[in-house]
Amino acid sequence: MAQLTYRDAVARGIAQEMARDEDVVFLGEDIAKAGGVFKATVGLLEQFGPLRVRDTPISEQAILGAAMGAAMTGLKPIAEIMFADFIAVCYDYIANEFPKSRYMTNGQVKCPLVVRVGNGGGARFGAQHSQSIENWVMQFPGLKVVAPSSPVDIVGLMAAAVRDPDPVIFIEHKSLYATTGEVPDGEIVDTLGTAKILRTGSDCTLIALGMMVPRALAAAERLQAEEGISCEVVDVRSLVPLDTQTILGSVARTHRVFTIEENPRVLGWGAEIVSIIADEAFYDLDGPPVRITTPNIPLPASDILEDLAIPSVGRIFETVLRSMRS
Amino acid sequence: MAQLTYRDAVARGIAQEMARDEDVVFLGEDIAKAGGVFKATVGLLEQFGPLRVRDTPISEQAILGAAMGAAMTGLKPIAEIMFADFIAVCYDYIANEFPKSRYMTNGQVKCPLVVRVGNGGGARFGAQHSQSIENWVMQFPGLKVVAPSSPVDIVGLMAAAVRDPDPVIFIEHKSLYATTGEVPDGEIVDTLGTAKILRTGSDCTLIALGMMVPRALAAAERLQAEEGISCEVVDVRSLVPLDTQTILGSVARTHRVFTIEENPRVLGWGAEIVSIIADEAFYDLDGPPVRITTPNIPLPASDILEDLAIPSVGRIFETVLRSMRS
Amino acid sequence: MAKSPKQDRSVTAVVNDDISEAKRLEMFRAQVLMRQAEQRAFDLFLENLVKGTSHLSLGQEAIAAGVAAAMEPGDLSFCTYRGHAHTLARGVPVEKVLGELMGRDNGLMRGKGGSMHLTSVEHGVMGSYAIIGAHLPIACGAAWRAQYKGQSDVSVCFFGDGTTNIGAFHEALNFAVIWKLPVVFVCENNLYMEYTPISEVTAVEHPAADRASAYGLPRIIVDGNDADEVYRTMLEAFRKARSGEGPSLIECLTYRHSGHSRADPAKYRPEGELERWKLRDPLTIYKARLREFGVSEADMKAIEDDVKRVVDEATEACKAAPFTSTDILFTDVYADGGWAWRN
Amino acid sequence: MAKSPKQDRSVTAVVNDDISEAKRLEMFRAQVLMRQAEQRAFDLFLENLVKGTSHLSLGQEAIAAGVAAAMEPGDLSFCTYRGHAHTLARGVPVEKVLGELMGRDNGLMRGKGGSMHLTSVEHGVMGSYAIIGAHLPIACGAAWRAQYKGQSDVSVCFFGDGTTNIGAFHEALNFAVIWKLPVVFVCENNLYMEYTPISEVTAVEHPAADRASAYGLPRIIVDGNDADEVYRTMLEAFRKARSGEGPSLIECLTYRHSGHSRADPAKYRPEGELERWKLRDPLTIYKARLREFGVSEADMKAIEDDVKRVVDEATEACKAAPFTSTDILFTDVYADGGWAWRN
Ligand SMILES: Cc1ncc(C[n+]2csc(CCOP(=O)(O)OP(=O)(O)O)c2C)c(N)n1
Ligand SMILES: Cc1ncc(C[n+]2csc(CCOP(=O)(O)OP(=O)(O)O)c2C)c(N)n1
Ligand SMILES: [Mg+2]
Ligand SMILES: [Mg+2]
């Protein structure tokens with residue numbers, strides 16, 4: 001058991017899979033010699049050599065296209081798209097190619113690959129380098145999406161993603177890279193499609209993801225300590241497949257639900273979850289499901305403004321409190 | 001008053017605005033000499049000349065980028081992206097450029113442009129030419145999205161979109177091009193952000209868009225005639241801005257709601273609407289809000305399969321009936 | 001502008017050359033098969049038995065034939081929505097292609113993909129891609145796999161003149177060169193994108209060849225209506241690819257006899273253009289070639305008749321085949337065979 | 001590979017030439033201002049008064065200076081995330097730039113955009129774009145507007161060597177040429193993308209210039225550390241653009257003295273590379289040039305001192321300025337001034 005940063009967990013997760021399977025290869029901009037712009041892939045070039053860990057030009061379409069062609073014909077590529085926002089310049093692969101090739105060919109073509117992206121705000125990078133792009137990628141039948149919030153989940157879900165026979169978008173949160181957590185020694189393999197209840201509670205369920213997970217936990221602490229409100233906190237972890245059993249199970253116990261989303265409101269992942277709860281757990285609900293999100297604005301660069309925009313512990317606390325008391 | 005096809009309404013709508021304002025220019029692939037691959041822009045080149053109606057190379061990024069640069073500096077461009085699915089190859093402008101330029105520059109930069117796309121299924125074009133891409137474009141603060149379902153709405157909303165000072169995605173449904181409707185003579189200018197109640201009813205609200213509108217209306221007829229269920233049918237028309245007053249008002253009267261979406265289920269526009277209703281009209285609801293969508297599959301090419309995939313009048317009828325009876 | 005076909009090509013009889021008679025007959029048969037199968041597809045469309053869209057290669061068959069003849073089993077093809085010809089050229093049965101167009105259970109993908117997505121992994125046809133440009137990087141990836149695994153296959157990527165103006169073209173070419181990938185890019189310059197002449201929207205005369213130097217590649221232009229020329233050029237490109245010398249970019253000059261897609265009457269053509277190109281129909285050229293090398297009219301006729309029989313039989317089989325069964329609607333979205341996105 | 005700077009440049013004294021002393025002093029002052037303002041930005045970052053990221057142009061100033069000196073009022077600049085220099089070169093006050101970096105109310109965009117998005121429409125700085133490649137087509141659009149409206153302004157688009165490998169580069173270049181747009185593409189080849197040498201990921205030696213022929217453009221390479229060379233080359237490009245002869249693509253050879261962004265110690269540089277390039281520091285070169293043309297040390301010193309005063313005053317003003325007010329969080333999402341997406 002070791003304390004590991006979320007950043008180092010990325011390299012460890014990739015290394016675990018590359019050591020296991022020679023077909024796992026890794027490509028992206030500045031990922032090899034420089035160890036990644038977030039330093040999350042330091043050491044991989046040295047360990048696995050320049051044929052398996054490859055720097056690319058600034059050609060995101062070539063990166064994802066090449067990953068797909070390799071995946072179709074026998075490799076298991078991991079591709080990095082540096083900032084999640086850049087998914088927009090290679091979106092054709094996300095929307096039209098990866099997820100559809102198996103279906104269109106009646107199962108002839110497979111596409112086992114992983115696309116890692118650095119997601120989210122908090123670093124004062126402004127509107128084009130801070131976005132939470134879960135809702136750019138989760139709507140495509142055929143694609144899977146995971147978003148780990150802790151070092152141990154990074155390692156285990158990376159293994160699950162690499163071993164999965166479907167294309168997986170692996171969302172890392174930039175503002176979590178420096179956080180640490182316990183990670184057991186030896187091989188770790190987690191399971192896609194599983195949420196985790198990180199804190200049990202009886203009054204309401206907080207559903208969070210990525211950087212919103214530690215904030216939800218902190219808000220839950222305060223709600224318990226200061227207001228006696230007992231919150232269950234669910235880390236969604238996997239958006240596709242979605243662990244609706246865990247989510248609906250929690251709502252069936254608490255009867256109230258809040259989603260805590262870093263993305264701006266419109267069509268955030270919480271909308272899908274709320275629509276499922278509203279349909280399938282309608283009679284379990286004692287009050288309206290509430291979505292706590294970044295407001296409908298691009299992210300500003302100034303630290304003061306950015307901190308106001310993204311849901312904070314304080315805002316979560318107050319929104320839940322107000323809603324539970326009303 | 002004339003009978004016009006939805007297809008001809010597009011050309012009329014564009015012509016109305018180009019005749020009014022010299023700053024309105026139009027570019028896209030095969031839109032000028034050939035009159036568009038859907039023949040929706042026939043005659044515009046002849047009427048407005050080659051400086052205002054311009055054929056482009058197959059360079060969607062150049063098309064949208066050029067539209068933006070022109071819009072920033074004084075023109076009001078209309079750009080065509082032929083099949084809506086191709087939005088994926090120029091998504092950076094949709095996600096990162098159009099919607100953010102005004103905010104990031106603290107209001108210095110404006111971006112008044114319209115992007116027309118041919119959306120939706122029904123033509124047996126297969127998985128990469130049949131998608132309903134509302135949920136690829138509606139999540140960006142700063143961008144507006146309209147999706148007319150009738151010829152008169154095409155003309156009026158085109159005028160509204162062209163005159164609007166914000167970037168607007170204008171979603172035309174390919175399978176509606178051949179449909180006809182009455183269109184008054186003279187200038188028509190509609191309003192963005194307004195839904196339309198196309199049929200009043202008291203038992204439940206059907207919320208639809210695009211090609212799902214005629215199907216919702218037909219299902220409502222049958223439900224009334226065969227089962228005595230009175231459905232109100234709302235044509236959303238404008239996803240951003242969203243006319244929540246009309247939607248919430250209808251739900252407050254009927255107490256039950258169904259969204260009818262052509263997109264595959266996950267994160268369709270209905271999810272956002274349901275999440276709003278569940279939060280803000282929770283106590284109005286007499287039963288769960290239900291989403292009727294294409295299942296979680298890419299669209300197949302075969303006519304038999306495609307017809308099974310997209311919500312049909314029969315499926316709407318049965319889903320509403322089952323849910324209202326349970 | 002590359003507008004007028006060569007019409008003054010003087011034919012000199014040669015008895016022996018580098019291409020065997022067997023190879024020539026293979027290429028002839030392939031061209032006849034593509035021609036007849038695609039004409040049949042058009043007839044079936046007129047009978048309303050083919051739904052959706054389809055894009056024919058009538059007039060461009062020499063390219064698919066010449067390339068396929070140079071390929072080894074195991075080499076991979078990446079095609080466009082205009083992919084019937086390339087799929088047939090790799091040996092995929094006509095019945096499976098027509099069946100797919102007709103949405104029958106015997107179709108290559110049982111109707112799930114349709115005309116624009118023909119795929120037969122077993123024949124090395126790794127897919128037909130309908131979004132312009134996407135498959136150029138994908139072909140690079142397949143070639144990267146071969147390079148990484150030390151496998152000797154080459155990936156061939158077909159695309160049109162119009163495709164050279166999209167970003168993915170540029171990214172793929174640069175990528176293939178810097179990684180020295182065993183991939184061959186075959187541009188079929190048929191002078192038009194959908195309806196717009198390529199010369200009106202392209203900064204150089206030869207949309208592919210005049211860009212080769214931007215990637216450090218030689219400028220290669222071939223007569224795309226002459227299967228032999230295509231074949232010879234491809235042999236050299238394959239040799240380069242297999243010996244680790246990296247990719248090639250080859251521009252084949254050709255012309256499509258039909259409209260862009262089944263919906264297109266092709267009224268945008270200048271008068272006489274089609275007629276001039278029809279004089280250089282790849283089949284006409286190839287028959288002359290065969291004659292030159294002593295193949296008899298009877299032998300040619302026998303091949304044509306045999307192909308006709310194959311296409312007729314395939315047509316009957318497709319007409320008799322059941323429509324695709326609806327239970328496949330939900331299969332193969334994910335690798336577990338199903339479509340479940342939640343538990 | 002374009003790796004080593006010219007070191008043998010022999011300087012011959014010239015008394016009269018095509019560039020006036022006033023113009024030279026303008027370019028000198030601009031370079032000094034960029035240098036000092038960016039060094040100040042770095043100091044402020046070390047004091048934790050600048051948050052977020054920032055990308056400096058230290059060592060590359062001659063390009064921004066030479067280009068700006070050739071521009072007319074009304075001409076438009078489209079910059080990248082490495083855009084401080086180009087913004088300052090167009091006359092945007094230092095205070096507004098530093099204020100933006102520091103998130104103050106006096107900032108160019110009051111802190112909403114930050115270092116990577118500097119924009120001052122009033123000075124013709126039409127934005128700084130942080131997604132590689134996006135602004136090349138946008139600059140085309142601005143140029144199209146000028147062409148359509150018969151206006152005489154030219155759009156200048158700055159970008160790095162690494163940007164030449166992304167698809168949007170290719171689409172923009174082709175587009176600009178076929179429409180003959182009054183746009184000038186200025187590639188600053190500083191030998192690196194972020195940390196990876198451009199030569200390792202590019203199929204040609206000169207990432208921009210060696211691609212010019214793919215768009216029918218001449219191959220133009222200039223010494224990007226010599227403001228005069230840049231200036232002269234730009235004058236010709238502007239002349240072309242304004243007279244309807246279309247776009248230019250100009251590759252300027254240069255080197256950045258600092259890391260890619262504030263987080264980068266630039267350890268990937270081969271030993272001695274930075275030192276060699278520092279011998280060709282644009283300011284060193286330009287001072288020598290001024291001396292050649294008889295400008296005194298005292299005159300140069302006076303300019304440096306005056307710039308220092310300006311930068312100092314701007315710094316103080318920014319430190320004294322209030323942080324941006326929180327009420328602008330919700331403004332200017334839409335043209336109505338607000339953020340409402342529903343009624
Ligand atoms: C990204 C994208 N843009 C536009 C289209 C629509 N489209 C289909 S075929 C075609 C013309 C392609 O021309 P070319 O590459 O010359 O191939 P050809 O059809 O002549 O074989 C166009 C524009 C598309 N499929 N994908
Ligand atoms: C589409 C996209 N991919 C990657 C990046 C990350 N990135 C920012 S700067 C940069 C290097 C750019 O190199 P170059 O064009 O040479 O400009 P320079 O930084 O040297 O001025 C990269 C890869 C980005 N901003 N956008
Ligand atoms: Mg073509
Ligand atoms: Mg650079």
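Chain letters run A, B, ... following the sequence lines, proteins first, then strands; residues in each count from 1. As the structure is a prediction and not an experimental result, all values here were calculated from the model.
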Close side-chain approach of D/Met116 and A/His129, heavy atoms under 4.5 Å: yes
Quick one, A/Leu305 and D/Ile328 - any side-chain contact, counting heavy atoms below 4.5 Å? yes
Heavy-atom check, side chain of D/Phe323 versus side chain of A/Ser302, under 4.5 Å: no
For D/Gly52 against A/Phe125, the heavy-atom pair lying closest together: C-CE2, 4.4 Å
When you measure from the centre of the six-membered ring of D/Tyr195, is the NZ or CZ of A/Lys39 under 6.0 Å away and within 45° of the axis? yes
Can you tell me how far the OG atom of D/Ser128 sits from the CD atom of A/Gln128, to the nearest 0.5 Å? 10.0 Å
Quick one, A/Glu29 and D/Met193 - any side-chain contact, counting heavy atoms below 4.5 Å? yes
Under 3.5 Å, is there a donor-acceptor pair linking the side chains of A/Ser59 and D/Asn165? no
The single option from D/Ile198, D/Ile166, D/Thr202, D/Thr196 that satisfies side chain to side chain contact (heavy atoms under 4.5 Å, CB included) with A/Ile58 is D/Ile166
A/Ile304, part contacting chain D, at a heavy-atom distance under 4.5 Å: side chain
Counting heavy-atom pairs under 4.5 Å with chain A, which one of D/Val201, D/Thr324, D/Asp332, D/Thr326 comes out on top? D/Val201
Checking D/Thr164 against chain A: side chain, backbone, both or neither under 4.5 Å from a heavy atom? neither
Using atom types as modelled and distance alone, determine if a side-chain donor or acceptor of A/Asp303 lies under 3.5 Å from a backbone N or O of D/Lys51. no
Which answer fits D/Glu200, side chain, backbone, both or neither, if we ask what part of it has an atom under 4.5 Å from a heavy atom of chain A? side chain
Please classify the contact of A/Val37 with chain D as side chain, backbone, both or neither, using a heavy-atom distance under 4.5 Å. both
Given the options D/Ile131, D/Leu101, D/Val333, which has more heavy-atom pairs under 4.5 Å with chain A than any of the others? D/Ile131
Are A/Asn296 and D/Tyr334 close enough that some pair of their side-chain heavy atoms sits under 4.5 Å apart? yes
Flag the one option from A/Ala123, A/Pro298, A/Pro295, A/Ala127 with the top tally of heavy-atom pairs under 4.5 Å to chain D. A/Pro295
